[in-house]
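Inspection log for the structure reproduced underneath, given as structure tokens.
Below, chains carry the letters A, B, ... as their sequence lines are ordered, and counting in each starts from 1.
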2 protein chains.
Amino acid sequence: MSAVTYKTDKADQSRARILDAAARLFREEGYAAVSLRAIAAAAGMKGGSVYYHFESKQAIVIEVLDTGIIAVHGKVAHTIDSLPAESTAAETLRAGILAHLQALFEFSDYSSANVRIYSQVPGAARESNRRLRREYEALWGRLVERFVERGEIRFGTDTRAFILLLIGSLNATLEWFDINRGNLQGLAASYSDVLLNGVLAERETKS
Amino acid sequence: MSAVTYKTDKADQSRARILDAAARLFREEGYAAVSLRAIAAAAGMKGGSVYYHFESKQAIVIEVLDTGIIAVHGKVAHTIDSLPAESTAAETLRAGILAHLQALFEFSDYSSANVRIYSQVPGAARESNRRLRREYEALWGRLVERFVERGEIRFGTDTRAFILLLIGSLNATLEWFDINRGNLQGLAASYSDVLLNGVLAERETKS
DNA sequence: GTCTATAGCTCGATAGAC
DNA sequence: GTCTATCGAGCTATAGAC
């Protein structure tokens with residue numbers, strides 16, 4: 001134990017158990033439906049003990065929501081940055097789509113809780129998370145704009161609509177894809193095929 | 001007033017006001033966060049009066065959830081059925097996508113409440129709605145399969161994944177598109193462009 | 001049809017023992 | 001760090017007046 005470690009291991013572990021339990025319960029039942037006593041019980045303690053680690057239920061949900069976005073943003077940013085400089089639009093978008101899906105399902109309680117309860121948490125918690133959402137959308141925005149300028153993505157594509165289509169469709173997989181039964185690489189490939197090439201056997205001619 | 005009209009107009013109107021108020025509040029705050037008193041107040045009555053029209057809060061949410069799906073299913077099915085028999089895959093999918101978005105935003109409190117709280121309502125309400133969701137997905141499934149057989153949609157496309165991508169991305173527009181500021185036809189066209197043709201300037205070559 | 005009143009619970013949060 | 005005990009508030013649902 002280093003001299004600069006002020007927090008005990010026990011406190012950190014209890015705090016983490018509270019967050020994990022809260023993320024899972026918020027995902028399953030919503031924000032208002034989950035009581036502090038239920039979070040405490042799932043974390044192996046009594047209701048009153050939670051207030052040693054968090055000052056309010058709202059403080060817990062803020063951390064849960066932010067963790068969900070940060071995990072996905074970090075994974076996608078790191079993946080994109082690790083690609084060769086000469087990567088094509090197709091290679092880059094495919095890698096980003098796979099990374100987004102991997103992060104979603106690796107931290108599924110946090111990311112699913114974020115998608116499901118964001119609109120239902122107290123205003124202060126929503127505002128805290130909104131900035132992180134905007135930053136993540138901006139990451140994709142820069143990526144897509146770069147390829148529009150290079151001419152690899154079709155001119156005329158509504159960049160913002162495309163990004164929100166992409167993120168919205170990927171996040172929706174949390175509602176139906178079973179990571180224990182399906183193949184995530186296959187899912188990412190199918191989604192990439194549609195988003196990059198469309199589903200028509202022959203493209204429509206420009207009007 | 002016909003002899004077979006047993007219900008009074010007043011009862012029907014109060015019932016409709018309760019459902020409208022419930023849909024709006026559930027959409028904004030979630031299921032558990034909305035009290036029966038709040039629904040009643042938004043409908044212009046007191047808490048106890050709601051029980052003249054509905055036997056429980058759960059009965060209200062079941063009707064709200066089902067209405068959201070039925071409205072979209074009905075609009076899309078009617079639109080597709082009204083197309084000329086010789087319509088192409090592109091024409092049909094574009095019409096279906098526009099119809100889905102139109103229904104979403106025409107009944108936005110009901111459809112948005114459905115998307116947002118489905119996973120958080122009591123099990124009985126979720127099961128009631130699940131059948132309707134499956135039927136709506138099957139409508140799109142038959143549509144897509146028809147065009148796969150005709151060769152208008154690419155062989156190898158994972159039909160189920162594509163349908164859930166499509167529905168998921170369209171439903172996600174409820175979270176960001178402002179019907180009062182944006183153009184719904186334009187949104188439908190942008191989404192159709194991406195889903196039908198993809199965003200790459202030149203399609204990837206089959207490997 | 002809508003009201004008032006209330007039974008029986010559970011909630012978030014706090015206080016203080018250990 | 002976690003406990004027990006509790007406050008004040010709000011919840012769903014019901015009963016019965018009007």
Side-chain angles (χ1 to χ4, degrees), chain A residues 1 5-23 25-26 28-65 113 117 120-126 128, chain B residues 1 5-23 25-26 28-65 113 117 120-126 128:
Chain A
M1 186 79 73
T5 302
Y6 300 113
K7 288 183 181 176
T8 68
D9 283 348
K10 189 177 185 187
D12 286 347
Q13 288 169 11
S14 293
R15 199 172 188 284
R17 283 206 318 279
I18 291 168
L19 288 171
D20 285 350
L25 291 170
F26 286 152
E28 291 170 354
E29 302 175 36
Y31 176 68
V34 176
S35 69
L36 259 157
R37 288 170 176 80
I39 295 171
M45 62 182 70
K46 299 295 181 181
S49 308
V50 171
Y51 288 89
Y52 175 82
H53 302 280
F54 296 92
E55 71 171 354
S56 67
K57 185 181 174 184
Q58 181 171 312
I60 297 175
V61 80
I62 287 177
E63 196 152 329
V64 168
L65 290 182
I117 72 174
Q120 299 165 3
V121 296
R126 203 161 48 242
S128 165
Chain B
M1 186 80 72
T5 302
Y6 299 112
K7 289 184 181 175
T8 69
D9 284 348
K10 189 177 184 187
D12 287 348
Q13 288 169 10
S14 293
R15 200 171 187 286
R17 283 207 317 279
I18 291 168
L19 289 170
D20 285 350
L25 291 171
F26 286 152
E28 291 170 354
E29 302 175 36
Y31 176 69
V34 176
S35 69
L36 257 153
R37 288 174 176 82
I39 295 171
M45 62 183 68
K46 299 295 183 181
S49 307
V50 171
Y51 288 88
Y52 175 80
H53 302 280
F54 295 92
E55 70 171 354
S56 68
K57 185 181 173 183
Q58 181 171 311
I60 297 175
V61 80
I62 286 177
E63 195 153 331
V64 168
L65 291 183
I117 72 175
Q120 299 165 4
V121 298
R126 202 161 48 242
S128 165

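- For B:S35, the side-chain hydrogen bond (donor to acceptor under 3.5 Å, both in side chains) criterion is met by no residue, not counting sequence neighbours.
- A distance of 11.0 Å separates CG in A:D20 from CG in A:L25, rounded to the nearest 0.5 Å.
- Among the nucleotides C:dC3, D:dC3, C:dT2, the one closest to the side chain of B:K10 is C:dT2.
- Between A:R37 atom CZ and D:dC3 atom P there is a gap of 13 Å when expressed in whole angstrom units.
- Taking every heavy atom of residues 51-58 of chain B and every atom of DNA chain D, pairs under 4.0 Å involve B:Y51, B:S56, B:K57, by number.
- When each of D:dT2, C:dA13, D:dC11 is scored by its nearest atom to the side-chain atoms of B:S35, the top-ranked nucleotide is D:dC11.
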Considering only distance and modelled atom types, tabulate donor-acceptor pairs under 3.5 Å from the side chains of residues 49-57 of chain B, sequence neighbours left out.
| residue | atom | partner | partner atom | Å |
| --- | --- | --- | --- | --- |
| B:S56 | OG | B:Q58 | N | 3.4 |
| B:S56 | OG | B:A59 | N | 3.1 |
| B:K57 | NZ | B:Y31 | O | 3.0 |
| B:K57 | NZ | B:V34 | O | 2.8 |

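- Counting heavy atoms from C-beta outward, B:V121 and B:I62 have side chains that stay 4.5 Å or more apart.
- What separates CD1 of A:I39 from C1' of C:dC11 is a distance of 12 Å, to the nearest Å.
- Heavy atoms of B:V34 sit under 4.0 angstrom from primed sugar atoms or phosphate atoms, though from no base atom.
- For the pair B:V64 and B:A22, the tightest heavy-atom approach, listed with the atom from each and the gap, is CG2-CB, 4.2 Å.
- The residue among A:G47 and A:A33 whose nearest nucleotide of DNA chain C is located toward the 5' end is A:A33.
- Distance B:Y31 OH to D:dC11 C1': 12 Å, rounded to the nearest Å.
- In terms of heavy atoms, B:A23 sits closest to B:A113 at O-CB, 3.7 Å.
- If you take CD1 of A:I18 and C1' of C:dA13, they are 15 Å apart, rounded to a whole angstrom.
- Closest to the side chain of A:L36, out of C:dG12, D:dT2, C:dT4, is C:dG12.
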